[in-house]
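Reckoned from all heavy atoms, side chains included, excluding hydrogens, waters and symmetry mates. Here is how names work: the chains are called A, B, and so on, in the same order as the sequence lines, proteins then strands, and each is numbered from 1.
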There are 2 protein chains.
Amino acid sequence: MDNFIAHILVVDDDDGIRSLVKKYLNENNFLISTANSAEDAAEKIKIVKFDLIILDIMMPGKNGLEFIQENKKKIDTPIILLTAKGEANERVVGLEIGADDYLPKPFEPKELILRIQNIISKTKKNDLKRVIEFKNIKIDLNKNLIIKNDLEYKINNTEKIILEKMINNPGKTFTREDIGLQIDSDKERSIDVIITRLRKKIEIDPKNPKFLQTIRGSGYVLWIE
Amino acid sequence: MDNFIAHILVVDDDDGIRSLVKKYLNENNFLISTANSAEDAAEKIKIVKFDLIILDIMMPGKNGLEFIQENKKKIDTPIILLTAKGEANERVVGLEIGADDYLPKPFEPKELILRIQNIISKTKKNDLKRVIEFKNIKIDLNKNLIIKNDLEYKINNTEKIILEKMINNPGKTFTREDIGLQIDSDKERSIDVIITRLRKKIEIDPKNPKFLQTIRGSGYVLWIE
DNA sequence: AATATAACTTACCTATTATGAAAGAACTTT
DNA sequence: AAAGTTCTTTCATAATAGGTAAGTTATATT
C-alpha cells in the first residue's frame with residue numbers, strides 16, 4: 001500500500017475539488033499532497049520534489065498562470081492545468097508558458113488518470129543518469145568525481161548541478177540564463193568562469209573543448225558519445 | 001511558397017468549420033485536404049499519406065470514434081479529435097481508442113496550431129535531417145560541423161540556418177531573397193560571400209562547386225546524393 | 001568581338017561575444 | 001580565528017560573425 005506510482009501536488013482553492021481529486025487519485029495508487037493557493041504551492045515545492053503538479057488556473061490571489069511563470073523554470077516538474085470550460089485563450093497561454101497539458105473542466109476522473117499516466121511515463125522513462133562514461137572520461141555524480149586519464153577531479157555542487165542537467169540533455173544548448181536559474185545566479189560572467197573550470201576537469205584539451213562546447217551567442221552544450 | 005510543414009486531413013461535416021480551419025492552417029504553411037464524412041476520410045487515407053488527421057467526433061453517418069476504431073491500427077497517422085465542449089466522456093473514449101490529442105470546441109486557432117506543432121514535432125523529429133552524409137562529406141547540424149576528408153570545419157549559426165533549409169529541400173532553388181529572409185539580411189552581396197564561405201567548407205573543389213551550385217539569375221541549390 | 005550583367009573572391013573593418021587570469025568577497029570547515 | 005573553497009568581479013586579450021568594398025572572373029546579350 002505504500003508503493004505509490006508518483007507523488008502529485010494538487011493545487012486548487014476549491015475544497016471540494018481538492019478532496020475529490022485526492023480521494024480518487026489515492027485510490028489509484030498516487031500519493032497526493034494538496035495546496036489551496038499558488039502561494040501555498042510555491043512553499044511546498046521548495047520542500048518536496050513532486051513528480052507532477054495539477055494546477056487550477058482560476059484561484060484567488062495568484063492564479064495558476066502566474067504560478068507557472070514564476071516557478072516553471074526553476075523546477076522541472078510537469079504541470080497539468082485545470083481550465084474552466086471554453087477558456088481557449090487560457091489554454092493557449094498556459095501551454096505557451098510551459099504547462100505540459102491541460103484538462104478542461106468538467107473532466108472525467110478517468111481522463112485525469114490517462115493524462116497523468118501519459119505525462120508520468122514520458123518523464124520517468126529517461127530516468128536520470130548519474131554515472132556516465134565516454135572516451136577516457138568518467139563522470140560520477142554520486143561521488144562528485146570526474147575521472148580523466150585515471151586522474152580524479154572533484155566537482156563541487158554548482159558544477160554538479162550543471163553537469164547533471166547537461167548530461168541528461170546531451171546535445172541541448174543551455175543559455176546562460178538556463179544555467180543561471182539552476183544554480184541560482186544571474187551573473188553571466190560567473191557562468192563563463194564556471195564553464196572554464198569545468199572544462200579544465202572534463203576536457204582533454206581545455207583550450208579546444210570537444211565535449212563542453214560554446215554556442216556563440218547562445219550558450220553551452222555538452223556532447224557525449 | 002510550396003514548402004509545407006505538413007499535410008493535414010481535416011474531417012468535419014460542417015462546411016463552415018472545414019473551410020475556416022483550412023484557411024487558417026493554410027496561412028500557417030500547412031497543406032490541407034478535407035473530407036466531409038468518416039467515409040470520405042477513409043477513402044482519402046487509402047490514397048494519401050497524411051501527417052496528421054483532425055477529426056470531428058460528431059458527424060452524421062459514422063462518427064469520429066468509429067473512424068478511429070476502424071482505421072487507427074492500419075495507419076499510424078496521429079489524430080487530433082475535435083470534441084463538443086464538456087463532453088468529457090467522449091474525450092476519454094477517444095484517447096483510449098487511439099486519438100493522440102483532442103481539442104474541445106470552441107478553440108482558438110492559435111491553440112490548434114500549438115497542438116498540431118506539438119504532435120508533428122513528436123512524429124517528425126526524426127524525419128528532419130540533422131546529419132547527412134554524401135561522398136566524402138558529412139554535415140552534422142547538431143554539432144555545427146562539416147567533416148570533409150576527415151577534417152572538421154565549424155559552421156556558424158548563419159551557415160547552419162542556410163544549410164538546414166537546403167538540406168531539407170535538396171534540389172530546390174533558393175533565391176537570395178529566400179535566404180535573406182532566413183538569416184534576416186537584405187544584403188544580396190553578403191549572401192554571395194556567405195555562399196563562398198560555405199563552399200570552402202562543403203566543396204571538394206570550392207572553385208568548381210558540385211553540391212552548392214549557382215543558378216544564375218535565380219539563386220542557389222544544394223545537390224546531395 | 002564588344003558590352004553589360006551577374007557572381008565570385010579577397011582583404012579588411014567593426015561590433016559583439018568569449019576567454020583567462022587574478023584578486024577580492026562570501027561562505028564553510030576546521 | 002585561521003584556512004580553505006567557491007563565487008563574483010574586473011579587465012585585458014582573443015576569437016568570431018558578418019558586412020563592405022573593389023577588383024576579378026564568368027556568363028549572357030547585342
Q: Of all the choices, C:dA21, C:dC8, D:dG19, which nucleotide is nearest to the side chain of B:R199 once you look at every atom?
A: C:dC8

Q: Check the distance between C:dT17's P and A:E188's CD and give it to me in whole angstrom.
A: 10 Å

Q: Of all the nucleotides listed (C:dT10, D:dT8, D:dG19), which has the minimum atom distance to the side chain of A:S190?
A: D:dT8

Q: Return the value, rounded to whole Å, for the distance between atom CZ of A:R176 and atom C1' of D:dT8.
A: 15 Å

Q: With respect to the side chain of B:V193, which nucleotide from C:dT9, D:dG18, D:dT6 is positioned closest?
A: C:dT9

Q: Can you name the side-chain hydrogen bond (donor to acceptor under 3.5 Å, both in side chains) partners of A:Q182, sequence neighbours left out?
A: none

Q: Take atom CG of A:N157 and atom C1' of C:dT29, then tell me their distance rounded to the nearest Å.
A: 16 Å

Q: Has B:K200 got its NZ or CZ under 6.0 Å from the middle of the six-membered ring of B:Y153, at an angle within 45 degrees of the ring axis?
A: no

Q: Just the rounded figure in Å: distance from P of C:dG20 to NZ of A:K200.
A: 7 Å

Q: Looking only at side chains, do B:Y102 and A:E111 share a donor and an acceptor under 3.5 Å apart?
A: yes

Q: Calculate the interatomic distance between A:R197 atom CZ and C:dG20 atom P; express it in whole Å.
A: 13 Å

Q: Would you say the side chain of A:R216 and the base of D:dA15 hold a donor-acceptor pair, judged only by whether the two atoms sit under 3.5 Å apart?
A: yes

Q: Look at B:T158 and D:dA17 and indicate whether a side-chain polar atom (N or O) is within less than 4.0 Å of OP1 or OP2.
A: no

Q: Calculate the interatomic distance between B:Q213 atom CD and C:dC8 atom P; express it in whole Å.
A: 11 Å

Q: Which whole-number value in Å describes the distance from A:L198 CG to D:dT6 P?
A: 12 Å

Q: Start with the C-alpha distance between A:E70 and A:K62, add both sets of side-chain angles, then the distance that settles salt bridge (charged side-chain N to carboxylate O under 4.0 Å, His left out), and finish with yes or no.
A: CA-CA 10 Å; A:E70 286 169 19; A:K62 281 193 182 145; 3.2 Å; yes

Q: OP1 or OP2 of C:dA6 less than 4.0 angstrom from a side-chain nitrogen or oxygen of B:Y220, does that happen here?
A: no

Q: NA contact type, A:T214, heavy-atom cut-off 4.0 Å: base, sugar-phosphate, or nothing?
A: sugar-phosphate

Q: By nearest heavy atom, map B:K207 and A:I215 onto DNA chain C; which one lands nearer the 5' end?
A: B:K207

Q: Is B:R115 paired with A:D101 through a side-chain N to carboxylate O contact shorter than 4.0 Å?
A: yes

Q: A:S185 has a side chain; which of C:dT19, C:dC8, D:dT8 sits nearest to it?
A: D:dT8

Q: To the nearest Å, give me how far apart NZ (B:K187) and C1' (D:dG18) are.
A: 10 Å

